Structure formats: C-alpha cells, structure tokens
Amino acid sequence: MKKRKLWVVRCAVLLAAVLCIGIGVIRGEHKDVEKKATNICLQCIGIG
Amino acid sequence: MKKIKKTTKRSFIQLIAAVLVNGYAIGFQRGSIFTGKSKALCVPVLNCYSCPGALGACPIGSLQSIVSGYKYRVSFYVLGMLMLFGILLGRVVCGFLCPFGLLQDLLYKIPAKKLNVPGKVDKCLRYLKYVVLFLLVILLPTLIRDEFGFGTTYFCKYVCPAGTLGGGIPLLIKNEGLRQTIGALFQWKLTVLIVIMVLAILIYRPFCKYLCPLGAFYSFFHKFSLYRLSVDKEQCVDCGVCERACKMGVEVTKEINSPECIRCGACMDACPKGCIHGESKGM
C-alpha cells in the first residue's frame, strides 16, 4: 500500500476513533463502563 | 558488547505491562477489586476488570456489558477506544502488552513435545476468533434478551479464561462468601482455562491464534497500524529462516504485515542478513 494512502487510512480511522469516544462520552457510556468495572462481575468470574 | 535480542526485550516489556495493568496489589490480599475512576477507561488488553489488581476496564467485557444492557445497542465509547488502540498499535498489544499472552508464552517454554497443527486445520481454526468476536461478543449479547430486557455477556460467562484466572481464582481464594456460591458454571470455566493452559504448553499461543476476540478486532487494523514491519527484498536471500522462527505461522517474506503477526520480533532476531525492519526505518 502506498504511503500516502496508508496515512489517509490511518488519519481516517484515528478521526473515527476519537469521534466515537466523544459520542460515547456525551452519551455517558463511560459511566456505565466504570459502574460495571467497579463491581465484581459474577459472570466474568464464573459464578453468576 | 552482546546485543540484547528483541524477544528478550519483549519479555521484559510484557512483564512490566502485566504489573502495570494489575497494579492494585492490595486487592489480591483483600480479595476485593479496585473501584477508582480509572476503571472508566479501557485497557488495550484482555484483562478482566474483576481481577483484584485491575486498574482499568477490559474492553471486551465492557463492550459486551454495554450492548447487553437496556440503554444502548452500540457502544461508541468502547469501539472508539478499540479502534484507537488498533490503529496506533495493532497486534503489538498481543505480543507486548497482554498478560494472558505472557502466560501462554511462559507455558510454551515448558519442555514438552510440541504439537504441530496441520496447515488446513490451523487455517480453519484461525477464523474461529472472528466467529467468537461477532457471535459471542457482539451479536448474542445484543439480540438475545431476558424478560427484563438484559442480555448476557456470553464470551465472559462461558469462555474467557483470563476472567477465571485473573478474577475468579484470586477472588474465590480470599472471599469465603463467593466460594460458597460456585457451581457448574465455574467448573465449566475452570475446565476451559485448564484446557487452554495445557494446549499452550503444546501449541504456541492457542488462545491468541484461535479464540481471542480482541486479537481478532485488532487484526482488522493491523495492516494500517503505526508500527509495521518491512522486508528489504534486495537484501533477502529467501533462506526461510524467518518463517521457521515465526511461531505464529506468518509467511514473513510474502505477507509480513499479516493479521496473525503479533510483532514478537522473532523473525528480526532470526534473519541472518538483518533485512527485516520496523516501519520507523522505512518512513
């Protein structure tokens, strides 16, 4: 793949990633991730 | 002065990464998990957020828990983070940062007759991780709901060996209350973990090759990621040493940036002509 094309793809994905994170934060998804991760996940450890 | 091999440097980085990701050491002693604000951030590796030492959230666990909840059908936040890690690092994450990858690397060092998976079987099995990603991590948790509108985190619940090893076992050792609730599900998950660990003695990184949904996700971005390898075709003498050194089964001279490459650097160490380079040299 030509270097220029490679950089275009990289920048596009990077931009999309930042955009997705931004949308996620606006929707409050990070709070749900935090809530889930700060409680013991019984399914993850094989109990619930 | 003797040059330090890339694979030796990698082992050192893997160890540091495993310690950093699971830096809440007191959690192991107390049998509880970290509850700080950093848990809102996903780590780039498969590391259960119910591991007592975990300082961040597992991206695969987070993705499933968000899409299986009642609020959202798509998790932009987790997908964005995964895309970010994917484009910046690709499967360097698997080779250098993942604690479960480190465990498999260590298990493979145990002297035993190694199993050679036949080419066609190996090729078919490699697609399994994409099935795991789409079916167990995305589709089933999104589509199948109970009467209250909640889905199940199928991968975490029935497959993830990192959850059993990093979260289940340490918590159950320390927590009497949890110990009394274990049943058939835990026995199933323990069996999965043991099978994967035994296989890891015989086959190099079987979980990464065939089952890991995170590796599958990163492999989509691997070809475009910032860190890439290149072969100097003019210097290469087609001796095949690099391909014999690659434990992930990558055809180094044909497709060095294969989605299966975890950038372990074994090919670079093995090349007698030194014609395999990191992308930074070619930029």
Side-chain angles (χ1 to χ4, degrees), chain A, chain B residues 32-42 48-50 54 56-58 61-62 65-66 69 71-72 75-88 152-153 156-157 160 163-164 167-169 171-172 175 178 181-183 185-190 221 223-226 228 282-283:
Chain A
M1 190 183 284
K2 282 182 183 171
K3 272 185 188 155
R4 196 175 162 194
K5 198 177 166 188
L6 194 66
W7 276 105
V8 170
V9 174
R10 280 173 182 164
C11 291
V13 176
L14 205 63
L15 199 71
V18 173
L19 203 67
C20 280
I21 295 171
I23 294 169
V25 170
I26 291 167
R27 298 204 312 167
E29 289 176 31
H30 63 296
K31 286 178 189 161
D32 283 45
V33 169
E34 187 188 340
K35 196 175 162 190
K36 180 74 184 169
T38 50
N39 289 293
I40 292 176
C41 167
L42 295 179
Q43 291 188 333
C44 305
I45 64 171
I47 290 175
Chain B
S32 60
I33 64 168
F34 179 69
T35 54
K37 289 278 175 198
S38 63
K39 278 267 176 102
L41 293 170
C42 293
C48 186
Y49 40 43
S50 288
C58 170
S62 302
S65 70
I66 296 275
K71 275 194 198 165
Y72 315 104
S75 176
F76 288 103
Y77 179 68
V78 181
L79 285 174
M81 287 219 165
L82 284 172
M83 283 162 70
L84 190 68
F85 297 136
I87 202 65
L88 292 178
T152 302
T153 55
C156 292
K157 189 173 179 180
C160 186
T164 317
I169 295 172
L171 286 175
L172 290 172
N175 197 319
L178 282 176
T181 58
I182 59 173
L185 182 64
F186 184 74
Q187 285 162 7
W188 162 255
K189 283 204 73 181
L190 196 61
F221 301 93
K223 276 183 190 271
F224 319 110
S225 67
L226 284 182
R228 289 155 54 84
M283 278 163 70

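Since this is a predicted model, take the numbers as computed values, not measurements. Lettering of chains follows the sequences in order, A, B, ..., and the numbering in each one begins at 1. Just the heavy atoms: all of them, side chains too, but no hydrogens, waters or symmetry mates, feed the values below.
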**Student:** In Å, rounded to the nearest 0.5 Å, how long is the span from CG of A/L6 to OG of B/S225?
**Tutor:**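 OG of B/S225 is found 8.5 Å from CG of A/L6.
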**Student:** Heavy-atom distances under 4.5 Å only: say whether B/L190 touches chain A with side chain, backbone, both or neither.
**Tutor:** neither
**Student:** Which one, B/Q187, B/M81, B/M83, leads in non-hydrogen pairs under 4.5 Å with chain A?
**Tutor:**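 With the most close heavy-atom pairs to chain A, the winner is B/M83.
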**Student:** Rounded to the nearest 0.5 Å, how far does CD1 of A/I40 lie from SG of B/C48?
**Tutor:** 10.0 Å
**Student:** At a heavy-atom separation under 4.5 Å, does B/F85 approach chain A through its side chain, its backbone, both, or neither?
**Tutor:**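 Answer is neither: B/F85 stays 4.5 Å or more from chain A.
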**Student:** Return yes if some donor-acceptor pair links the side-chain N/O of A/E29 with the main-chain N/O of B/F76 below 3.5 Å, else return no.
**Tutor:**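 Between the backbone of B/F76 and the side chain of A/E29 there is a qualifying donor-acceptor contact (under 3.5 Å).
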**Student:** Using modelled atom types and a 3.5 Å cut-off, is there a donor and acceptor pairing between side-chain atoms of B/Y72 and backbone atoms of A/R27?
**Tutor:** yes
**Student:** Among B/L171, B/L79, B/L88, B/T164, which has the most heavy-atom pairs under 4.5 Å with chain A?
**Tutor:**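 Most pairs with chain A among the choices: B/L171.
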**Student:** Measure distances from B/K37 to the heavy atoms of chain A and classify the residue's part below 4.5 Å as side chain, backbone, both or neither.
**Tutor:**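 Contact with chain A: backbone and side chain both.
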**Student:** Go through the atoms of A/L19 and report whether side chain, backbone, both or neither lie under 4.5 Å from a heavy atom of chain B.
**Tutor:**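 Contact with chain B is absent: no heavy atom of A/L19 under 4.5 Å.
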**Student:** Donor-acceptor pair, A/R10 side chain versus B/F224 backbone, under 3.5 Å?
**Tutor:** yes
**Student:** How would you list all residue pairs meeting side chain to side chain donor-acceptor pair (under 3.5 Å) that involve residues 33-42 of chain A, not counting sequence neighbours?
**Tutor:**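 Residue pairs passing side chain to side chain donor-acceptor pair (under 3.5 Å), neighbours aside: none found.
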**Student:** Give every residue pair that meets the disulfide (SG to SG under 2.5 Å) criterion with at least one member in residues 5-42 of chain A, sequence neighbours excluded.
**Tutor:**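 Pairs touching residues 5-42 of chain A that pass the test: A/C41-A/C44.
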**Student:** Pick whichever of B/L41, B/I33, B/L84 has the most heavy-atom pairs under 4.5 Å with chain A.
**Tutor:** B/I33
**Student:** Would you mind checking which part of B/K189 comes under 4.5 Å of any heavy atom in chain A, side chain (CB onward), backbone (N, CA, C, O), both or neither?
**Tutor:**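 Just its side chain gets close to chain A.
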**Student:** Which residue out of B/V78, B/I182, B/I66 racks up the most heavy-atom pairs below 4.5 Å with chain A?
**Tutor:** B/I66
